[in-house]
Number of protein chains: 4
Amino acid sequence: MKQPIQTKEKIITSARKLFSEKGFKGATTAAIAKSAGISEGTIYRHFTSKEELLAACVIPVLEDLVEKMDIDFSKIQDLRKLVMTVLQIRLESFERHYETFRILFNELPYSQEMLNGYLSFLAQQESRLSRMTEHIQMLGNFSRSRNYMIFGLGQIMSLWLLVNFKEWQKDEKLAFSGGMLHISEDHILDDLADYILYGISGVPGKEHESRD
Amino acid sequence: MKQPIQTKEKIITSARKLFSEKGFKGATTAAIAKSAGISEGTIYRHFTSKEELLAACVIPVLEDLVEKMDIDFSKIQDLRKLVMTVLQIRLESFERHYETFRILFNELPYSQEMLNGYLSFLAQQESRLSRMTEHIQMLGNFSRSRNYMIFGLGQIMSLWLLVNFKEWQKDEKLAFSGGMLHISEDHILDDLADYILYGISGVPGKEHESRD
Amino acid sequence: MKQPIQTKEKIITSARKLFSEKGFKGATTAAIAKSAGISEGTIYRHFTSKEELLAACVIPVLEDLVEKMDIDFSKIQDLRKLVMTVLQIRLESFERHYETFRILFNELPYSQEMLNGYLSFLAQQESRLSRMTEHIQMLGNFSRSRNYMIFGLGQIMSLWLLVNFKEWQKDEKLAFSGGMLHISEDHILDDLADYILYGISGVPGKEHESRD
Amino acid sequence: MKQPIQTKEKIITSARKLFSEKGFKGATTAAIAKSAGISEGTIYRHFTSKEELLAACVIPVLEDLVEKMDIDFSKIQDLRKLVMTVLQIRLESFERHYETFRILFNELPYSQEMLNGYLSFLAQQESRLSRMTEHIQMLGNFSRSRNYMIFGLGQIMSLWLLVNFKEWQKDEKLAFSGGMLHISEDHILDDLADYILYGISGVPGKEHESRD
DNA sequence: TATGAATGAGCCTTCATTCAT
DNA sequence: TATGAATGAAGGCTCATTCAT
């Protein structure tokens with residue numbers, strides 16, 4: 001028996017790349033097979049359909065994420081550190097699994113299955129987040145803004161947009177200068193933490209800077 | 001003469017619906033024609049290609065947006081009010097043109113043309129936003145956080161997610177209860193304004209509420 | 001009543017041009033209507049089908065030809081002159097009705113109807129040619145080569161090719177230099193008459209020239 | 001492995017037949033597939049487009065012709081024999097590759113590509129023909145008629161017409177009796193050679209026959 | 001008579017999937 | 001398990017023809 005597992009992995013890797021670049025419908029099984037260096041028929045030895053292959057591209061990453069998120073935040077006593085930690089984990093995930101997240105976010109609207117999958121992922125995170133929120137309140141006697149969770153998701157989207165802009169620049173697909181959006185990567189997580197904690201009013205007591 | 005304009009509008013309306021539901025590739029010209037109650041060939045008397053039809057679905061809305069954004073913010077002297085105004089306009093746009101924005105955001109990654117179109121739209125808004133930011137600073141002696149623009153985009157995405165959740169519920173496509181995310185629509189813009197202004201630390205001096 | 005005859009003629013003229021350029025299938029009714037400056041529906045006021053329009057392009061010219069050929073060759077007493085006359089008439093026809101002949105020859109293979117039409121035209125000419133042949137023999141005591149009629153058709157094709165080469169050059173469609181085929185138009189009919197009368201052995205008694 | 005080569009050949013054979021009968025536009029891929037006993041999609045595993053299939057029908061025959069024409073005429077010392085040889089080769093080509101030549105001649109006017117291809121074929125033959133002509137002159141001290149090449153093409157067209165008449169009769173597509181044109185196939189090449197050498201004045205010294 | 005919007009059958013082409021080897 | 005030729009159901013698009021005005 002030749003390495004069937006390697007073959008399966010090769011297919012998934014190629015599929016992930018092409019699904020992310022061209023979308024689910026835009027990536028043909030022929031292109032995937034060619035990119036994986038195998039024949040078209042072989043795909044159907046390992047997956048019963050193109051849809052199943054799509055799932056195989058996304059699910060393991062999602063599972064990996066759940067695992068990665070399994071951190072005991074209760075040990076973190078500094079609120080800012082806690083926020084930073086969460087942001088860092090997310091940013092890292094987006095960067096490491098860029099292709100998978102592109103697939104996820106782009107196909108989500110068309111696939112009830114993926115949508116439910118992702119929402120159940122969010123639901124799993126919910127209790128964790130609730131606990132974290134309590135922890136946050138305890139730490140800083142902060143008000144918990146109503147609707148904070150959806151605002152938080154939006155914040156996460158900032159990170160996702162950032163990663164996308166970076167990837168686009170890498171591919172030189174974009175005449176776009178990050179400059180237009182005044183993105184300075186060096187401090188982005190610090191700034192985002194400040195923003196989350198204090199909004200545009202800034203850190204209390206800290207001198208107002210006029211930087212951009 | 002039969003009503004040529006009505007026909008064209010019917011096609012665009014049907015196309016917008018189907019493009020938004022199934023994506024550009026997923027919506028077939030046959031389905032669009034059927035939904036519009038006309039024959040497939042008729043589409044091609046009004047548009048030279050499916051791509052052109054897509055453009056016809058998106059462009060007028062974008063132009064409408066540019067117009068809608070043409071507000072003189074300098075007259076607004078209250079910072080909170082200014083933030084609320086911007087958020088309200090965006091939320092209204094998302095709600096009124098839900099289908100078009102779905103198309104826009106979902107096809108953006110695959111269409112260099114649309115991407116460039118949207119980025120140039122953003123660029124147009126940039127100087128306006130810069131001026132507004134200065135105005136903001138003047139109003140409240142607020143620090144302008146570095147990277148504020150990308151954070152702002154993320155905040156806008158919160159609104160976009162909100163509209164999506166609402167539409168999904170409307171279609172009963174979703175077993176999802178907004179409750180999971182603790183969304184209470186009544187105060188959402190108020191809360192978001194607070195969040196943008198002061199972050200999770202909340203409005204200074206205001207009693208911390210523990211509501212959700 | 002506006003000039004319906006003019007309209008009909010305009011349609012035929014445009015159709016002739018387009019059928020000749022693009023072929024019957026390649027010329028669309030839309031293009032014909034546009035070129036004629038009328039609407040597509042109007043074509044069907046004057047012709048029941050595209051096929052009928054094709055016939056209307058070809059038939060009048062064919063009838064005109066029959067008329068033109070109605071010359072009393074018996075009065076011509078010089079054989080060379082007789083041959084020249086026939087060639088001249090044909091060349092003139094090809095030049096004047098270039099478009100129609102293009103249609104005729106190009107669509108002949110696909111249209112049983114046109115083929116039969118053209119063959120019956122040939123058949124009509126047959127008795128005339130027979131009489132002419134007898135006349136020829138009488139004039140010059142020439143042998144009548146067996147199969148002379150099909151050879152004669154081939155000779156006529158030389159003229160047709162000539163006209164085509166000229167038209168192609170006119171359109172600059174062709175990098176082709178008539179030079180390659182050593183065509184010198186000035187003497188072409190003279191030379192062809194010589195060729196028909198004496199073949200490549202040349203006119204007896206005449207000095208052999210080494211011209212090209 | 002199934003027989004891929006056989007399949008490709010089957011497609012070409014069917015395409016050649018249908019292109020020749022109905023023309024390029026008149027022959028549909030569906031009809032070709034059905035005639036070849038394969039599915040429509042299979043055509044596109046072997047050819048990237050209908051145009052490429054057309055080329056595949058024509059090119060090999062043209063290449064075969066070039067090869068066939070590679071005869072050393074200098075060894076032929078009898079002029080009549082030389083002429084006969086050339087005519088025989090051409091007639092044989094027309095008969096063997098009847099379908100291909102029909103395609104070639106019928107599509108030539110609409111395809112710049114095929115036209116250029118065929119003209120470059122003619123150009124290749126030109127130097128050969130020039131040499132042959134010199135050879136002819138040497139052999140018989142014959143005059144080289146100006147414009148001989150285009151007249152020669154016309155003569156070749158005689159053969160082409162002949163083959164067409166024969167094929168039409170074979171298909172019983174034609175009420176046409178070759179008799180009308182007084183074609184007697186037995187001696188046709190002999191007669192054509194005579195005609196080319198001596199025109200309608202006939203072979204000098206030979207009794208004038210009054211046969212038809 | 002003239003219009004031109006509408007039609008719908010049919011064209012070329014693509015692509016996920018199957019199956020004999 | 002792997003192959004790759006074959007499939008056939010669409011897909012986007014064209015165009016001769018019709019018909020209400």
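Worth knowing before you read on, the calculation uses all heavy atoms, side chains too, and leaves out hydrogens, waters and symmetry mates.
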Would B:E52 and B:S49 count as a side-chain contact (heavy atoms from CB on, under 4.5 Å) if you check the C-alpha gap in whole Å, the side-chain angles of each, and the deciding distance to 0.1 Å?
-> CA-CA 5 Å; B:E52 206 195 81; B:S49 68; 3.8 Å; yes
Is any side-chain heavy atom of B:F19 less than 4.5 Å from a side-chain heavy atom of B:L53?
-> yes
Rounded to whole angstrom units, what separation is found between the CG atom of B:L53 and the C1' atom of F:dC13?
-> 13 Å
Round to the nearest Å and state the distance from B:Q6 atom CD to E:dG4 atom P.
-> 19 Å
Heavy-atom check, side chain of A:T7 versus side chain of A:R45, under 4.5 Å | no
side-chain hydrogen bond (donor to acceptor under 3.5 Å, both in side chains) involving D:T29 - partner list, sequence neighbours excluded = D:E40
Greater than 12 external heavy atoms within 6.0 Å of C:K10's NZ | yes
Interatomic distance, B:K22 NZ vs F:dA10 C1' [rounded to whole Å] = 14 Å
What does E:dA20 pair with, Watson-Crick or G-U, if both distances are under 3.5 Å?
-> F:dT3
C:K8 NZ - E:dA2 P separation (whole Å) | 11 Å
Would you mind reading off the distance between C:L54 atom CG and F:dT17 atom P, rounded to a whole angstrom?
-> 12 Å
Nucleotides 7-12 of chain E: protein proximity per nucleotide (B base, S sugar-phosphate only, - neither; heavy atom, under 4.0 Å) | BB--SB
Sequence neighbours left out, what passes salt bridge (Lys or Arg N to Asp or Glu O under 4.0 Å) with D:R96? Give chain and number order.
-> D:E92
Pairing nucleotide - F:dG11, Watson-Crick or G-U, each distance under 3.5 Å | E:dC12
Phosphate OP1/OP2 of E:dT1 contacted by C:H46 side-chain N/O (<4.0 Å) = no
